[in-house]
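No hydrogens, no waters, no symmetry mates; every other heavy atom, side chains included, goes into these values.
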Amino acid sequence: MSKVLIGVIAVMAIIGYFLWSENSRLSALNQAFELRDQEQKEAIKTLQEDFKTQSEGLLEIQKRNNEIELEMTRYLDIFKRHNLTKLAIAKPNLIETRVNNGTKKVFDSIEEVSRTIDGLDDNLQLQSVSK
């Protein structure tokens with residue numbers, strides 16, 4: 001009877017050890033998965049914020065583009081209504097001054113848009129590749 005009891009206790013000890021070691025292994029895996037899940041949630045949040053920033057920037061650029069197109073249409077309409085060659089021959093200083101001012105405005109506008117586009121990615125964070 002004592003041999004059976006010792007055998008049962010030995011079997012129970014072996015089973016207990018294997019269950020304990022499996023539980024330890026699964027606990028370590030669970031912690032690793034929780035850490036990875038937290039990192040992925042943070043990455044998703046960062047990506048969503050970056051997407052929002054990009055969307056706002058693109059909407060601003062599109063709005064500015066529409067304004068520029070309206071201005072271009074207005075200027076083209078002015079060119080259609082006036083004979084600039086005749087006016088340039090009659091009053092060269094008037095045309096030269098206006099063309100120079102208009103050119104300066106266009107170049108200043110291009111520089112401003114370039115700065116805006118260049119600044120769009122300033123707040124973005126690159127994601128590291130993790131495996």
Side-chain angles (χ1 to χ4, degrees):
M1 177 82 167
S2 66
K3 289 183 180 182
V4 171
L5 187 57
I6 290 174
V8 169
I9 291 173
V11 168
M12 293 292 281
I14 292 172
I15 291 173
Y17 172 75
F18 284 120
L19 288 176
W20 176 80
S21 66
E22 185 68 15
N23 188 27
S24 298
R25 187 181 70 82
L26 291 175
S27 292
L29 279 174
N30 189 30
Q31 288 176 350
F33 285 135
E34 285 177 359
L35 179 63
R36 187 171 184 183
D37 183 51
Q38 181 182 2
E39 289 174 350
Q40 288 177 347
K41 285 180 181 178
E42 290 172 3
I44 289 171
K45 182 180 176 186
T46 303
L47 288 173
Q48 287 174 338
E49 290 171 358
D50 291 349
F51 181 74
K52 182 180 176 186
T53 304
Q54 286 177 344
S55 297
E56 290 171 356
L58 287 174
L59 288 174
E60 183 64 32
I61 288 173
Q62 187 176 19
K63 179 182 171 187
R64 180 69 178 131
N65 186 37
N66 289 338
E67 292 171 0
I68 290 171
E69 285 182 7
L70 288 174
E71 188 176 352
M72 180 187 71
T73 304
R74 188 175 58 118
Y75 288 140
L76 289 176
D77 185 49
I78 291 171
F79 286 128
K80 286 179 189 174
R81 288 185 287 137
H82 295 85
N83 186 351
L84 294 180
T85 305
K86 183 179 173 184
L87 188 59
I89 291 171
K91 298 179 182 181
N93 288 337
L94 176 69
I95 295 298
E96 182 180 354
T97 304
R98 289 188 179 188
V99 168
N100 287 344
N101 289 341
T103 303
K104 183 177 181 336
K105 279 184 180 179
V106 169
F107 284 135
D108 290 344
S109 174
I110 290 171
E111 287 178 3
E112 181 183 338
V113 169
S114 297
R115 276 193 294 273
T116 303
I117 290 173
D118 183 47
L120 287 178
D121 63 354
D122 288 349
N123 295 329
L124 301 180
Q125 297 176 359
L126 297 176
Q127 296 296 318
S128 62
V129 179
S130 60
K131 292 182 180 183

Between R25 and E22, is a side chain to side chain contact (heavy atoms under 4.5 Å, CB included) present by the stated rule, with each step listed?
CA-CA 5 Å; R25 187 181 70 82; E22 185 68 15; 2.6 Å; yes
Let me confirm one number: the CG-CG distance from L59 to N65, rounded to the nearest 0.5 Å.
12.5 Å
CD1 of I9 to CG of L5, rounded to nearest 0.5 Å, is 4.0 Å
Check the hydrophobic clustering (I, L, V, M, F, W, Y; side-chain heavy atoms under 4.5 Å; chains of links allowed) and say if W20 and I14 are grouped together.
yes
Value rounded to 0.5 Å, distance of CD in E112 from CD1 in I110
11.5 Å
Spacing of CD1 belonging to I89 relative to NZ belonging to K86, to within rounding of 0.5 Å
10.0 Å
Calculate, to the nearest 0.5 Å, the distance between atoms CG and CE belonging to L19 and M12 respectively.
9.5 Å
Between R64 and E67, does any side-chain N to carboxylate O distance fall below 4.0 Å?
yes
Please say yes or no: joined through hydrophobic side-chain contacts below 4.5 Å, possibly via intermediate residues, are I68 and L70 part of one cluster?
no
To the nearest 0.5 angstrom, please state how far the CD1 atom of I61 sits from the CD atom of Q54.
10.5 Å
Is the shortest side-chain N to carboxylate O distance from R36 to E39 below 4.0 Å?
no
Test your reading of the model: is there a side-chain donor-acceptor pair from T103 to the backbone of V99, 3.5 Å cut-off?
yes
I want to check something: taking the side chain as every heavy atom from C-beta on, are D37 and E34 in contact at a cut-off of under 4.5 Å?
no
